[in-house]
Amino acid sequence: MSRSSPPPPDGKALSAELLSWYAHHKRRLPWRDHPDPYRIWISEVMLQQTRVASVEPYYERFLKEFPTVEALARAPLDRVLKLWEGLGYYSRARNLHRAARVVVERHGGRLPAQKDELLKLPGIGRYTAAAILSLAFEQDEVVLDGNVRRVASRVLAVREDPRKASVERQLEEALKGWLPPGRARDFNQALMELGSLICLPKAPRCSICPIAERCRARALGLQGEIPRRARRRPLPHKDVAVGLLQKGGKLLIVRRPPQGLLGGLWDLPQAPYAYEGSPREALQRAFRELGISTDVGEELTRVEHGYSHFRVTLHVFRCALQDGADPAPPLKPEGEWAWVRPRELPRYAFPKGAQKVFSALGLSGLDPDQEREEEQKQQDLQQEEQESRERRRA
DNA sequence: TATCCGTGGCC
DNA sequence: TGGCCAAGGAT
């Protein structure tokens, strides 16, 4: 430790100033109104690697349709994915759905208040478990998310990568020392709020920071260097052939495999062709695996899209059934493919890349009013199915 | 421990 | 404009 470093901060004073600032400056967020475990859970999963502004509308719609764990548990996965459409990281939706069923079957519909039990639920890791325990159950748990990691590593002037396990332990120990007993709910949210409003990654607003006087990075002029960030490799690029196959005004769509990239979402039939020859051959082979013989025609359009770890160019080809013959049903099981009219597309959850394709081809087909109409029909259908189930039960 | 897993907004 | 980043988890 450098001789010129300020002493470690006074935890009591730091938390008092932090809590006072939070009391005056906290944002009004939907999940802060009634912090019950279910709502906190949903919000924390949605907020994983996702900004508050992006989450808010999704949270409202999700809670309206699934106000309870039971409602979520009895919903079809397709419907959960539809409400998650566009939010990204779709394993979160699949895990949430699975976990809801576990909570109903094994915990009587109530989220457990024990960390080891929470950690057994799919989609709940160390951060989310601690967040639920502190925010919903008011247990004295500290959280360590990206915000807190940045704030704490600056306050302590930790120069190492704060994602290293050894550094995480160091930060957690410091946080436990600062946490005022019984105040974990506000303390944790205050740290995260400070990280997202004041202690910003690039240009921290130290001049209005309530704990700037206790920040070692600030004292050392290192607030711009901490936390140390690893440079990431350039994203690889892939080319994918996408097939537009129409029959009688309907379009063939397929469900993606239940795990992996965009798992469980619907998409256009497609094939990567990096090492497999021409895009047309790759696409024809993909249709063949569905039990459909096609001729691949002109390239209609190209769409660029980026994912978290690679970029793609989607090459969209017009396809036609060979000899105009009516195809046997695809080999994949029912429910893994569908012939749909363009106006029915909004019933299905599609990744953003497919939506760009629809838009480029003028297939979105629906103005916002029609979208809402379709949405309403879908909700009515869900409602009828539920009432039907309840009648059978009665 | 490192890699996979989406999307949108920011400068 | 494109690289960077966000209330992480699973493997």
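In what follows, every chain begins at residue 1, and chains take the letters A, B, ... in the order their sequences are listed. Side chains are part of it too, since the values below use all heavy atoms of this structure and drop only hydrogens, waters and symmetry mates. This structure is a prediction, so every number in the text was calculated from the model and none was measured.
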- Identify, between A/Arg163 and A/Pro351, the residue whose nearest nucleotide on DNA chain B lies closer to the 5' end.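 Looking at DNA chain B, the more 5' nearest nucleotide goes with A/Arg163.
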- Upstream residue (5' side of DNA chain B) when A/Arg51 and A/Ser166 are each assigned their closest nucleotide: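 Taking each residue's closest nucleotide, the earlier one in sequence belongs to A/Ser166.
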[X] side chain: which of [options] is closest?
X	options	result
A/Tyr90	B/dT7, B/dT3, C/dA7	B/dT7
A/Thr128	B/dG6, C/dA7, C/dG9	C/dG9
A/Asn95	C/dA6, C/dA10, B/dT3	C/dA10

- Task: May I ask you to decide if A/Ala217's main-chain N or O and A/Arg154's side chain share a donor-acceptor pair within less than 3.5 Å?
- Result: no
- Item | Check: A/Arg341 main-chain N/O paired with A/Glu344 side-chain donor or acceptor under 3.5 Å | yes
Looking only at side-chain N and O atoms, does [X] come under 4.0 Å of OP1 or OP2 in [N]?
X	N	result
A/Arg150	C/dA6	yes
A/Gln49	C/dG8	yes
A/Lys202	C/dC5	no
A/Ser91	C/dA10	no
A/His305	B/dT7	yes
A/His309	B/dC4	no
A/Tyr307	B/dC4	no

- Task: Go through the side-chain N and O atoms of A/Gln170 and A/Glu160 and say whether any donor and acceptor fall under 3.5 Å apart.
- Result: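 Distance-only check fails for A/Gln170 and A/Glu160.
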- Any side-chain donor near an acceptor of the partner, A/Thr313 and A/Glu304, under 3.5 Å: yes
- Expressed in angstrom and rounded to an integer, what is the separation of A/Tyr89 atom OH from C/dG8 atom P? 10 Å
- Message: If I take atom CZ in residue A/Phe350 and atom P in nucleotide B/dG6, what distance separates them, rounded to the nearest angstrom?
- Response: 16 Å
- Task: Describe, in one word, how the ring planes of A/Tyr307 and A/His305 are oriented to each other, choosing from parallel (under 30°), tilted (30 to 60°) and perpendicular (over 60°).
- Result: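 Perpendicular: the ring planes of A/Tyr307 and A/His305 meet at over 60°.
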- Task: Find which nucleotide of DNA chain C each of A/Ile124 and A/Leu29 is nearest to by heavy atoms, and output the residue with the more 5' nucleotide.
- Result: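 On the 5' side of the pair lies A/Leu29.
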- Message: For A/Arg229 and A/Pro122, find the nucleotide of DNA chain C closest to each by heavy atoms; which residue's nucleotide sits nearer the 5' end?
- Response: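 The residue mapped nearer the 5' terminus is A/Arg229.
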